[in-house]
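Whatever order the structure lists them in is the order used to number ligands and atoms, beginning at 1.
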Amino acid sequence: MINFKKEIANAIAKVTNLDAKDLENYLEIPPNSDLGDYAFPCFKLAKDLRKAPPMIANDIKENIEIDENIIEKIDVVGGYLNIFINKQTLVQTVLKEVAKNKEKYGSSTLGEGKNVVIDYSAPNIAKPFHIGHLRSTVIGGALYKIYNFLGYNSVGINYLGDWGLQFGKVMAGINLWKDEYDFENDEMASILKVYIRFNQEEKENPELTKLARELFKKLEDGEPETVATWEHIRKISLENYEKTYKLLNSKFDSYNGEAYYNDKMDPVVNELKEKGLLKESQGAQVVDLEEYDMPPCIIITSAGTTIYATRDLASLKDRINKYNFDKAIYVVGNEQQLHFKQVFKTLELMGYEEYAKNCVHVPFGLVVDKDGEKIGSRKGNSVFLEDILNEAIDKVKDIINEKNPELEDKDEIARKVGVGAIIFNDLSNSRIKDEIFDWDMLLNFQGETGPYIQYIYVRTKSLLEKAGYTPEIVDVNFSKLSEVEAINTLKLIYQFNDVIKNAADKNEPSILARYLIDLSQSFSTFYNEHKIITEEKDVQNSRLYLTYAVGTVLKTGVELLGMEMPNKM
Ligand code: ARG
């Protein structure tokens, strides 16, 4: 595909004798296309060229050699060069590239040979998998697919919270109240009920806490029966999560969680000791981080036990050895900001700066209702992820039954649309913001939602079907695509790969999500203004091909976010 930015930068480099790569980075996309397809801010060169920006702009315009196949015209506006690209070249290069690559359009080999380790989801076993974990699962899942699409080898790690006092609590609770719950028929729900009840009753009854501690101690000491119970709880919890993961299309290459590192911490503690990094503080062993304006990173507590950070260091070393990663991403809530800063700093101090600098914490905000109240915060009233997904599916089923009761494969479509709506809602705003969870908003087929994009995609499908024609690039008369609405849509399709790269650079799937809304809206404007099925075959074929290209990009994009496309709605 022709790289317009590079071509423009090279042409400017020739006149200015400046570095083409720098110039390419200065190029901007103006907010409205009357100001050109690209704009070059000449004030960026004022220092190097020792001239006023408007003068630089005029000089460049006077002397630049332009290839008319690439650049149509250049306007000088103040210190800016407004550059208009050749639209016919754009139409051709984009559509031919789509024809060549189809569902691979937008992918690249950028990351070939590089491993990106993505730590995401990581629910705490025996505790509820609540809506807070949805965010990590969905954001991490999207990054997993995005990096793969860019040629990286994504490694998805579900660092399960499968060790800790919560097991003591659940086991003690089961011993006490087993008969009061329906363990026979619904073990998972019963475990969670017991866990929630235990937390409530323990507030009034400290004896219960003691019981839980004793049982957890037994587990730590490897008492066979307790270990077997732990294994069982872990297993059925995982089976249960698997149902949610399947609905969300989440993929993990490893489920090594906290328990896996339990007996693998000594080497790290020893290494810290040997490197002179451990020091005693109030009975605990810590890495002093005062110099870096951080509280110390605790490695061994005053009770002599290892802790969350110790395990994260052990797992990091394991990830270095196993994957020799190019990037290690942690998709974990914002409240763990400090923890990751401390762990990454400690890794650096241990002498692994090359790896430490490629560790990134990818934080995200809370999930709140439309009044801003945190969802799932009230004790005993947690919202479970699986229930939410099923509720979404049911709601979409109701909508279908009301609007299109004859639709085939209703269940399948309701699943794709319902789950898609939840995923898209999670990814459509920058991740650090709190996610607003509001059924009316996220299921609004006319809003900036997943269902809206799916609806536009289904429109593209039905247009092609109506024409009874699978488009072939040889039938396209490129000059028939010249309307501003067609060009705007093609410009967006042209940007697809850049958008994906940008989303990966910033670990921000919302960049892709917003793009898919823009593309859907742009295409919608096009077909509202211009008939696609028309008398003139030339025009029809060309417009149909554009329709096909839009559908292809929407489908690829939506799948990168972890959603699925329905073919009908
Ligand atoms: N289980 C933890 C939680 O729910 C998240 C673990 C994140 N990953 C990590 N390597 N620390 O809070």
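Taking the six-membered ring where the residue is Trp, Tyr120 and Tyr144 present tilted rings, their angle falling between 30° and 60°. Between Tyr255 and Tyr245, the ring-plane angle classifies as tilted under the 30° and 60° cut-offs.
Within the 6.0 Å centre-distance limit, the rings of Tyr330 and Phe340 are counted as a close aromatic pair. Centroid-to-centroid, the aromatic rings of Phe325 and Tyr355 come within less than 6.0 Å.
Neither the backbone nor the side chain of Leu160 has any atom closer than 4.0 Å to an atom of ligand 1 (non-hydrogen atoms only). Proximity of Tyr120 to ligand 1, defined as any heavy-atom pair under 4.0 Å, is not found for any part of the residue.
Note: no N/O pair closer than 3.5 Å links His339 and ligand 1 by distance alone.
Those atoms of ligand 1 that come under 4.0 Å of a heavy atom in Tyr308, given as number and element, are 2 (C), 5 (C), 6 (C), 7 (C), 9 (C), 11 (N). Here is the list of ligand 1 atoms found below 4.0 Å of a heavy atom in His133: 4 (O). Residue Phe340 approaches ligand 1 through these ligand atoms, each under 4.0 Å from one of its heavy atoms: 9 (C), 11 (N).
In this structure, the side chain of Lys327 does not engage the main chain of Asn358 through any donor-acceptor pair within 3.5 Å.
Contact annotation: Gln336 has at least one heavy atom less than 4.0 Å from an atom of ligand 1.
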